[in-house]
Amino acid sequence: MSLEKAWVQDLLSWYEKEHRALPWRQNRDPYRIWISEVMLQQTKVETVIPYYERFMSKFPTLDDLAAAPEDEVLKAWEGLGYYSRARHLHAAVKEVSARYEGRVPDAYEAFRALPGVGDYTAGAVLSIGYDVPVPAVDGNVLRVYARYVGMNDNVLSPKVQKRVREALYLVMPEGRSSDFNQAIMELGALVCKPKSPRCDDCPLHFTCVAARLQMQHELPVRTKSVSAKVEHLAVLILRSEDKWLVRKRPTRGLLANLWELPYVVMENPQIDGNILKALHQFSNQLGASTKDFVWVGEYKHVFSHLTWELKVYSSEAEPFEVMMPYRWIDEKDRQTMAFGQVFNKILSAIEKW
DNA sequence: AAGACGTGGGA
DNA sequence: TTCCCAAGTCT
């Protein structure tokens, strides 16, 4: 025990003294822990308590719950929200009742595989119920961790969450994973709060990077990824002899000055008759002759990641005169293309046509 | 990976 | 009052 880091001892001592007496902390029955953890997903402790009390007196053991009809389980859940939690829990409990003789499995893989059991719930139930040495990383833990070590990575990122799990696994005190996990969560709930952290009352105050740097209000970083902007583009693919029609992009901004296939941005995600007509007219203005091939492609533009699909083609264009900044290119000019990879794919697809 | 899933509490 | 949003799992 003396081998543990001092801050782990401070944390554990704080938890022993300050933790709340909650209904699911009366004993370590893994079934009771499990129910509490599922109810606590996205739900505040004060909201959960009355539901938990009622639920446990209605379904005192795992086999009681497994034997109940789903309607009754949902009825007991009524008002708690996220009802798939209840349905998954019921299904999982029935599986445990049937396959594991009503005993909650203590093997991580087995328990994690049950419906409704994700990384957090698996860690929480197994560590709290059985002292299995596995971290339980919820929003509280991410916040405490990010502040304590001064981590400014986005904690919403699954990759970052994985790193946190791994880091915590390495510092878990032997045989104390239950108290350790609960202590961090309790600290997050009572002291290291999102809005007004009580740093003066924190057992980790003197070794906390955020406190030292007065960064507790800036951490954790939780940047929602801007929902990817999607553009649907109708692309004109015009070939005359061995040459392809391209145009020059604007001199500023994304892929400035590069050459690209001419396109129009569509209102709707699909090429319709109007777009076809416009593109056809466009190719006429560009003077495509009847022996030229005109394809219409569809780009889907997500951020700067481009996917495409070849939709239709026609070869009914009329003669024309090419105007700048349009230009016909052949094979050797391709290095100037924007979205060159996509262009190459289009060409090879058309060759195979 | 991004949105759906419920409700309650805070801005 | 209305709007915004939390931070687990599934799809």
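Computed from a prediction, not measured in an experiment: that's the story for all the values here. Chain identifiers are assigned alphabetically (A, B, ...) following the order of the sequence lines, protein sequences preceding nucleic acid strands; residue numbering begins at 1 within each chain.
- Taking only side-chain nitrogens and oxygens, Q42(A) comes nearer than 4.0 Å to OP1 or OP2 of dG8(C).
- Considering only the side chain of Q41(A), dG8(C) comes nearest among dG6(B), dA7(C), dG8(C).
- Across the protein-nucleic acid pair, E37(A) atom CD and dA7(C) atom P stand 14 Å apart, rounded to whole Å.
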Residues 97-109 of chain A, side-chain donor-acceptor partners within the protein, below 3.5 Å, at least two apart:
from   : atom 1 : to     : atom 2 : distance (Å)
S97(A) : OG     : D63(A) : OD1    : 2.7
R99(A) : NH1    : E95(A) : OE2    : 3.0

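- The nearest heavy atom of DNA chain C to L114(A) and to R143(A) marks one nucleotide each, and the one closer to the 5' end goes with R143(A).
- With dG6(B), dA7(C), dT9(C) as the choices, the nucleotide that has an atom nearest any side-chain atom of Y82(A) turns out to be dG6(B).
- In this structure, CZ of R87(A) is placed 7 Å from P of dG6(B), rounded to the nearest angstrom.
- Look at CG on L40(A): it is 17 Å from P on dT7(B), rounded to the nearest Å.
- Atom C1' of nucleotide dA7(C) and atom CG of N140(A) are separated by 9 Å, given to the nearest angstrom.
- Across the interface with DNA chain C, nearest-nucleotide mapping of R222(A) and P115(A) shows R222(A) to be the residue nearer the 5′ end.
- Checking Y120(A) against E37(A) by side-chain atom types alone, a donor-acceptor pair falls below 3.5 Å.
- Taking the charged nitrogens against the carboxylate oxygens, D201(A) and R198(A) do have a contact shorter than 4.0 Å, which makes a salt bridge.
- The distance between atom CE of M185(A) and atom P of dA7(C), rounded to the nearest whole Å, is 13 Å.
- Rounded to whole Å, the P atom of dC4(C) lies 15 Å from the corresponding atom of dA4(B).
- Remark on DNA chain B: of its neighbouring residues G81(A) and P158(A), the 5'-side contact belongs to P158(A), judged by nearest-heavy-atom nucleotide.
- Electrostatic pairing of E16(A) and R176(A) counts as a salt bridge here, judged by a charged N lying under 4.0 Å from a carboxylate O.
- Whole-Å rounding puts the L74(A) CG to dG6(B) P distance at 10 Å.
- Backbone-only contact: T121(A) has heavy atoms under 4.0 Å from sugar-phosphate atoms and none from a base.
- Taking atom NZ of residue K159(A) and atom P of nucleotide dA1(B), one finds them 8 Å apart after rounding to whole Å.
- The distance from atom CG of L89(A) to atom P of dT9(C) is 13 Å, rounded to the nearest whole Å.
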Measure all distances between protein nitrogen or oxygen atoms and nitrogen or oxygen atoms of nucleotides 8-11 of chain B, and list the pairs falling under 3.5 Å.
none

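- Taking the ring centroids of Y82(A) and W77(A), they lie at or beyond the 6.0 Å cut-off.
- A salt bridge links E78(A) with K75(A): at least one charged nitrogen is closer than 4.0 Å to a carboxylate oxygen.
- Backbone-only engagement by D119(A) is indicated by non-hydrogen atom pairs under 4.0 Å involving sugar-phosphate atoms exclusively.
- At the heavy-atom level, V155(A) lies nowhere under 4.0 Å from the strands shown.
- Using atom P as the reference point in both dG3(B) and dC5(C), the two lie 14 Å apart (nearest Å).
- L89(A) is listed as a side-chain neighbour of W34(A), based on a closest heavy-atom distance under 4.5 Å.
- Side-chain proximity of R112(A) to the nucleotides dG8(C), dC10(C), dG6(B) is greatest for dC10(C).
- Under 4.0 Å is where a charged nitrogen must lie from a carboxylate oxygen, and between R163(A) and D153(A) at least one such pair does.
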